[in-house]
Chemist: 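Please see the structure below; I have some questions.
Only this structure's heavy atoms are used, side chains among them; waters, hydrogens and symmetry mates stay out.
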Amino acid sequence: LVEYLKSEKTSGKYAQGLEDVYIDLTNNGNKLVRVYNLLGEYDEIVKFFKLNILEEDTLYDDRFPLPLEHDDLVNAPLDINCVDFYETDSRIWFVFCSKQYVIEKEILPEGSLTDLVIEDYGRFDEIFGIRKRAVQLFDVVCIDKKSSILEFRMDGLDVQRAKDIERRLEFLESKILKAFESDFDLGELFAGPINLFPAIQKLYLNPDGRIAEIGHTTTSAGVHNGKMRTKQLDFRDDRYHVGGVSKVAELNPHMLSKCWDSPSGYGYVQLVVPGTVALTSSENPTIDTAHILSCASDLDYDFVMSKLLESLMP
């Protein structure tokens, strides 16, 4: 794209296009999601966000929507800041930036096994190095007037463990709800987080899309996990799975991954409702996060979210 960005005739158009793509991936992309029902007035909640959650001055402002340069990021404090927002008539996305550390493990070259290392610790076939690397993540809180929901869309699934992301989610969620609690009765504004466990069975039974992975138990105490090698195939068509399902009264699924062709034409989009075997023996099984993956645009993301919300309807 360099020649188009250098040309006076096309530079503006292509620069804007790149920024639009970047914003799409910031708001959508791969996200760990938690959903609340919106009970209060949309305009009142948005106004409170703008006045009390959005920050006037943050260290991320000068570079936003791009990340900080490496040295600036390393020196940034471990905090989470509401930096900016994008808005339409019926939806608003508030973007939160934070510095996070990821742990990387690399095999060091053979020369790292010096005679001194061998003398002190013995001979090894391989030697590894552990490194902490600072990354900037872009979490999003989306308030949707039409769907009457508030979503926490947490970044980092490509570089962090889901448990680490969930800890950051708990911190951000608490920070926002405490801010509202000082002025409102939370029970009149939000209901949730929404339990996503009931969606698994309906997503499996709905013939659309393709089941990429499913974990389930049987009444005979069997624990099964089925997964396809490619997202283009449907596990429900696997002959071994079909034969097994025909012999059991109920599948008892506890996790599911489902794919659809991307509505915007970029490969496929994916929904993962994660769960553990322990859920199947729980009186009130609860899953309050999902992973929405490979979304290149609002169109992709809204499609997957609509599938999730439809599967929660009675």
Side-chain angles (χ1 to χ4, degrees), residues 28-36 147 149 151-154 156-158 161-163 165-166 169 192-263 267-295 300-314:
N28 305 295
N30 295 330
K31 299 293 184 182
L32 184 148
V33 180
R34 180 172 287 171
V35 185
Y36 280 75
S147 300
I149 58 173
E151 301 171 53
F152 289 88
R153 303 182 184 180
M154 306 303 291
L157 281 171
D158 297 326
R161 298 179 305 168
K163 289 295 183 184
I165 299 172
E166 288 172 2
L169 167 58
I194 296 175
N195 182 12
L196 308 178
F197 180 82
I200 297 177
Q201 184 78 9
K202 290 186 178 180
L203 285 164
Y204 175 82
L205 294 175
N206 193 328
D208 72 335
R210 301 176 294 278
I211 300 299
E213 183 177 2
I214 186 168
H216 66 96
T217 60
T218 63
T219 52
S220 58
V223 178
H224 302 271
N225 186 272
K227 185 176 183 180
M228 301 305 287
R229 290 181 179 178
T230 170
K231 303 294 191 298
Q232 296 175 339
L233 299 177
D234 191 339
F235 188 71
R236 292 172 295 191
D237 296 331
D238 179 78
R239 285 190 296 175
Y240 181 83
H241 179 67
V242 172
V245 169
S246 67
K247 302 295 183 183
V248 298
E250 191 174 355
L251 202 59
N252 293 324
H254 57 266
M255 70 81 57
L256 176 136
S257 171
K258 191 169 185 177
C259 299
W260 297 265
D261 292 336
S262 161
Y268 62 86
V269 292
Q270 185 174 5
L271 169 65
V272 179
V273 185
T276 62
V277 175
L279 286 172
T280 57
S281 59
S282 172
E283 287 188 15
N284 297 298
T286 301
I287 299 174
D288 61 10
T289 61
H291 303 171
I292 296 182
L293 309 174
S294 304
C295 295
D300 282 350
Y301 188 95
D302 292 347
F303 173 83
V304 179
M305 180 55 69
S306 70
K307 294 294 184 181
L308 177 60
L309 295 178
E310 286 169 10
S311 67
L312 293 168
M313 292 180 180

Chemist: Apply side chain to side chain contact (heavy atoms under 4.5 Å, CB included) to residues T289 and L169 and explain how you reach the verdict.
Modeler: CA-CA 10 Å; T289 61; L169 167 58; 4.0 Å; yes
Chemist: Within the 4.5 Å heavy-atom criterion, are V304 and C295 side-chain neighbours or not?
Modeler: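 In short, these two side chains touch, coming nearer than 4.5 Å.
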Chemist: Out of curiosity, I214 CD1 to S257 OG, how far, rounded to the nearest 0.5 Å?
Modeler: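 Answer rounded to 0.5 Å: 10.5 Å.
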Chemist: Does R153 make a cation-pi contact with Y301 (under 6.0 Å, within 45 degrees of the axis)?
Modeler: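 Yes - R153 lies over the ring of Y301, closer than 6.0 Å to its centre and within 45° of its axis.
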Chemist: Roughly how far, to the nearest 0.5 Å, is the CG atom of L312 from the CG atom of L196?
Modeler: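 The CG atom of L312 is 6.0 Å from CG of L196, to the nearest 0.5 Å.
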Chemist: Please report the shortest heavy-atom distance between P274 and A290, naming the atom on each side.
Modeler: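 So the minimum-distance heavy-atom pair works out to CD-CA, 4.1 Å.
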Chemist: Is there a side-chain contact between C259 and Q270, using heavy atoms and a 4.5 Å cut-off?
Modeler: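 In short, these two side chains touch, coming nearer than 4.5 Å.
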Chemist: Kindly indicate whether the side chain of K258, heavy atoms from C-beta on, has any atom under 4.5 Å from the side chain of D208.
Modeler: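 Yes. Closest side-chain heavy atoms under 4.5 Å.
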Chemist: What closest approach, in Å, do K202 and S311 show between heavy atoms, and which atom pair accounts for it?
Modeler: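 The pair with the smallest heavy-atom distance is CD-O, 3.1 Å.
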Chemist: Measure the spacing between CG of L271 and CD1 of I292 and express it to the nearest 0.5 Å.
Modeler: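 Spacing of CG (L271) from CD1 (I292) equals 6.0 Å.
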Chemist: Donor-acceptor check, side chain of K307 to backbone of L203, threshold 3.5 angstrom: yes or no?
Modeler: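 Side chain of K307 to backbone of L203, a donor-acceptor pair under 3.5 Å: no, none is there.
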Chemist: Short question: side chain of N195, backbone of I287 - any donor-acceptor pair under 3.5 Å?
Modeler: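 Side chain of N195 to backbone of I287, a donor-acceptor pair under 3.5 Å: yes, one is there.
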Chemist: Side-chain contact test, heavy atoms from C-beta onward, threshold under 4.5 Å: evaluate it for L308 versus V33 and give yes or no.
Modeler: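 Counting from C-beta outward, L308 and V33 never come under 4.5 Å.
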Chemist: Side chains of H254 and P285, heavy atoms from C-beta outward: is any pair under 4.5 Å?
Modeler: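 Side-chain contact under 4.5 Å: no.
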Chemist: Pick one: which of L157, L32, V269 meets side-chain contact (heavy atoms from CB on, under 4.5 Å) with L293?
Modeler: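 Single pass found, and it is L157.
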Chemist: Starting at CD of E166, measure out to CE of M154 and round the result to the nearest 0.5 Å.
Modeler: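 Answer rounded to 0.5 Å: 10.0 Å.
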Chemist: Compare all side-chain heavy atoms of L256 with those of Q201 and state whether any distance is below 4.5 angstrom.
Modeler: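 Side chain of L256 against side chain of Q201, heavy atoms only: no contact under 4.5 Å found.
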Chemist: Heavy atoms, side chains only, cut-off 4.5 Å: are M305 and E151 in contact?
Modeler: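 Answer yes - side chains close enough.
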Chemist: Rounded to the nearest 0.5 Å, how far apart are CD1 of I149 and OH of Y36?
Modeler: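 That separation rounds to 13.5 Å.
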Chemist: Tell me, do S294 and N30 make a side-chain contact under 4.5 Å, heavy atoms counted?
Modeler: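 Result yes, sub-4.5 Å side-chain heavy-atom pair found.
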